Amino acid sequence: MPEVFQDYFQQQQTTHRYRVIRLWELEPQLFFELPSLLPLAVLAKTQAPEQLLQQVSQQLDRIEDRTEQLNLKAATQILAGIKFTDAMIEQFFQEELMQESVIYQKIFNRGIAQGVEQGLQQGLQQGIEEGEFTLLTKLLSRRLGLLDAAVLKRLRQLSRLQLEALGEALLDMQSRADLDQWLATYGNEP
């Protein structure tokens, strides 16, 4: 991995030199100088991690701009999750405060949107499958007579492909024995 030791970025006619900083090797007090660096302090070197988390929390509480404070608290909690347990983070940060953060809201809303989309797709698929099942059982009942609970249970266990194949086979069925034979032959396939 030569990229790990690289200290410059070059693209076309521009070159940028940089120095890799390992946060876990730095003293945490360096990050207390600017409020925007406070989230990084939780990753710094320390002999007392719980005390460091408490100090960062107290410094964040002193930020007067509420929006800045909430965003920095959210960033701190996310980074603290790399090093600290949920219980320890919750000890110093109230969950409600993070929920007011625009970062948290963006992540939350994206998750809601994805969940709604997934739920709609699953619901639509289940609705289609239920409709196919209902239509097939009505057609079977009309052609072969009333279906008992045991047959309905076996039909429920069929995959969508098996139900479609049964729908085609139904056109050739003349009796309940034909259905039983079809189920014995094809009803156990995955």
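For this chain, numbers begin at 1 and follow the sequence in order. Small disclaimer: the values here were computed from a predicted structure and weren't measured.
The closest donor-acceptor contact from the side chain of T46 to the backbone of L52 lies at 3.5 Å or more, if one exists at all. In terms of modelled atom types and a separation under 3.5 Å, the side chain of S57 and the main chain of L53 share no donor-acceptor contact. A donor-acceptor pair under 3.5 Å is formed between the side chain of Q69 and the backbone N or O of L60.
Side-chain heavy atoms closer than 4.5 Å link hydrophobic residues (I, L, V, M, F, W, Y) into clusters, and following such links, even through other members, never connects L171 to L158. In this structure, L146 is not a member of the same hydrophobic cluster as L140, with clusters built from ILVMFWY side-chain heavy atoms closer than 4.5 Å. Grouping the Ile, Leu, Val, Met, Phe, Trp and Tyr side chains by contacts below 4.5 angstrom, directly or via other members, places I21 apart from W24. By the rule that hydrophobic residues join a cluster once side-chain heavy atoms approach within less than 4.5 Å of another member, L161 and F133 end up as members of separate clusters.
R142 contributes atom CZ, which lies 12.5 Å from atom CG of L144 (distance to the nearest 0.5 angstrom). One distance of note links CZ of R66 with NZ of K73; it measures 7.0 Å at 0.5 Å rounding. In this structure, CD in E68 is found 10.5 Å from CG in L70, a value given to the nearest 0.5 Å. Rounding to the nearest 0.5 Å gives a distance of 4.5 Å between CD1 of I107 and CD1 of I78. Taking CD from E50 and CZ from F92, the interatomic distance works out to 4.5 Å, rounded to the nearest 0.5 Å. Separating the CD atom in E130 from the OG1 atom in T134 is a distance of 4.5 Å, to the nearest 0.5 Å.
With a 4.5 Å cut-off between side-chain heavy atoms of Ile, Leu, Val, Met, Phe, Trp and Tyr, the cluster of I128 takes in L124.
When each of I89, V42, N71 is tested with T76 by the rule side chain to side chain contact (heavy atoms under 4.5 Å, CB included), just one qualifies, namely V42.
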side-chain contact (heavy atoms from CB on, under 4.5 Å) assessment of Y186 paired with Q162: CA-CA 8 Å; Y186 302 106; Q162 288 172 315; 5.7 Å; no
Just do the side-chain contact (heavy atoms from CB on, under 4.5 Å) check on M88 and K83 with the steps written out, would you? CA-CA 10 Å; M88 189 176 293; K83 189 174 178 179; over 6 Å; no
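Residues L170 and R143 approach most closely at O-NE, 3.6 Å, considering heavy atoms. Here the closest heavy-atom approach between residue A44 and residue P28 is recorded as CB-CA, 3.6 Å. Here the closest heavy-atom approach between residue Y18 and residue F9 is recorded as CE2-N, 3.8 Å. For the pair L79 and P39, the tightest heavy-atom approach, listed with the atom from each and the gap, is CD1-O, 3.5 Å. Among all heavy-atom pairs drawn from F32 and L38, the shortest one is CD2-CD2, 3.7 Å. The nearest pair of heavy atoms linking T67 to D65 is N-OD1, 3.1 Å.
Between L43 and F31 there is no side-chain heavy-atom pair separated by less than 4.5 Å. L179 has its side chain within reach of L166: a pair of non-hydrogen atoms, C-beta onward, lies under 4.5 Å apart. Two residues are said to be in side-chain contact when any heavy atoms from C-beta on lie closer than 4.5 Å; T137 and L152 meet this criterion. In this structure, the side chains of R110 and Q114 come closer than 4.5 Å at one or more pairs of heavy atoms. Side-chain contact check for L147 versus L155: some heavy-atom pair is nearer than 4.5 Å.
Counted by atom type alone, Q157 and R154 present zero donor-acceptor pairs between their side chains at under 3.5 Å. Defined by atom type and a distance below 3.5 Å, a donor-acceptor pair is missing between the side-chain atoms of Q121 and Q125.
Under the side chain to side chain donor-acceptor pair (under 3.5 Å) criterion, D148 pairs with R176, not counting sequence neighbours.
In Q54, the CD atom is crowded: over 12 heavy atoms of neighbouring residues, nucleotides or ligands sit closer than 6.0 Å. Within a 6.0 Å radius of CD in E168, no more than 12 heavy atoms belonging to other residues, nucleotides or ligands are found. No more than 12 heavy atoms of other residues, nucleotides or ligands lie within 6.0 Å of CD in E64, so this atom counts as exposed by the packing criterion.
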